[in-house]
**Q** 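Just passing along the structure, written as structure tokens.
Only a predicted model underlies this, so the values are computations on that prediction, with no experimental measurement involved. Just so it is clear, the values below take in all heavy atoms, side chains as well, and ignore hydrogens, waters and symmetry mates. Just so you know, ligand 1 is whichever comes first in the structure, and atom 1 is the first atom listed for that ligand.
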Amino acid sequence: MKFSQASNVLLLAGLANSCLLPEERAGGHIRRSLNRRQGNNGKAIGKGDRFNGGSSFPRGIGSGNATDMSTILNVNEVTTGLQGLVNAYGIQTFVTPYKTYEGRTITGAKIGGSGTANTNYHVYLNGAIHARERGSHDSVLYFISDLLYAQKHGTGLTYGKKSYTNADVTKALSTGIVVTPLINPDGVNYDQTSNSCWRKNRNPKSSSSGDPDTIGVDLNRNFDFAWDLKKWASSVASEVASTDPSSEVFHGTAAFSEPETQAVKYILDTYTKVRWFIDLHSYAGDVLYSWGSDTDQSTQPYKNFLNSTYDSIRGITSDSTSSKYGEYISSEDLNNVQTAGNRFGNVMSTAAGRKYTVMQSAYLYPTSGASDDYAFSRHIADPTKNKVYSYTIEFGFGNNQASCPFYPTAAQYTSSLQETNAGFMEFLLAAADIGLE
Ligand SMILES: [Zn+2]
């Protein structure tokens, strides 16, 4: 078994699914599976524009499910849906200053908070960084739609077996929320139009001789956190990311080589008081907290991703961290990320009756250049930057009947929407309770 260095039994539970397909982890080279599976494509992708250019607005399942949800939102509908929210509620949207390889822009929105200054926003939710993880951008867009509807109409929100009051909605909105529902529009457009189980973006600059499987960068290996594979033990360096453009975890030509990851950095640089961050993925039924590099430890601050002394042993989660290497996180920070993670993980389990596991990211599998580790590492790499408590959610449990297991059935889509949206609510409430400053 490839990740046999890990002793934690939770890792074994995570191996069967999650974000990467089993065949993509096999043999040391995380390479695209060229043979597509037999099966259907799950819930269909929407055609046209259900928001009519923004003249109608999205409304999620928590506030009464008024929007036609018979299909998954296409790329354009994320933009028109946000425009609908602008028209209906007067919210502010923005476009990040980088165009994707195919010339698309990335639209974000900001809601709640105590004012419109950038420093009033303390939470950031990001969706659809991995193209095939269908339901991710829907979850983020419908969630903010629910918050805005409930605020305007003085109602609460209900997600499956979990309900929230209007006071909860007010408290959740008080945190100040920035969202980018769809950070990888080129990849999602390609996946939705080809049903190819596409994970990466569509940047072909590293592609060799026209091989279509060498297109794209894994955006969630492109962030500036131990991006250089020299930072990792040789036994794990080929697993945490890859320098091979044909790999599903190809990490690009440099940290932040891609406009999509630059957009995430731009948001964290612009909204300088963001304290809490979720990057929304599928599938594994996991809530993952920092770190994703190696086993957490709170006693030896000098053992951290900046210290090159430990480059040769970083990423081996089975070693004893007292004598070897574990990634430093203060006991207070660890307590905070676990407390909030357990709170919203439990709620995700309640919403649709499917069990979510809350655990450290590294126990799924060690990764370099991931968004959550980058966000939490910023204040350590540069003490002038804000501390950002960060999570990866792997919603859903896969669809083995589909051509791509990331493509949900209609029932799975609904369950996942209940879980992510209830989880977001509880996450915001936990953030407000633990602290926004
Ligand atoms: Zn993913």
**Q** With ring pair (Phe, Tyr, Trp, His ring centres under 6.0 Å) as the test, pick out the partner of Tyr271 among Phe277, Trp276, Phe94.
**A** Phe94
**Q** Under 2.8 Å from the Zn ion (ligand 1), is there any N, O or S atom belonging to Glu133?
**A** yes
**Q** Side-chain contact test, heavy atoms from C-beta onward, threshold under 4.5 Å: evaluate it for Ile177 versus Phe424 and give yes or no.
**A** no
**Q** Have a look at His281 and say which of its N, O or S atoms is nearest the Zn ion (ligand 1).
**A** ND1
**Q** Among the N/O/S atoms of His130, which is closest to the Zn ion (ligand 1)? Give the atom name.
**A** ND1
**Q** Measuring only between side-chain heavy atoms, which start at C-beta, is Leu364 closer than 4.5 Å to Met359?
**A** yes
**Q** Is any side-chain N of the basic residue among Asp311 and Lys231 closer than 4.0 Å to the acidic one's carboxylate O?
**A** yes
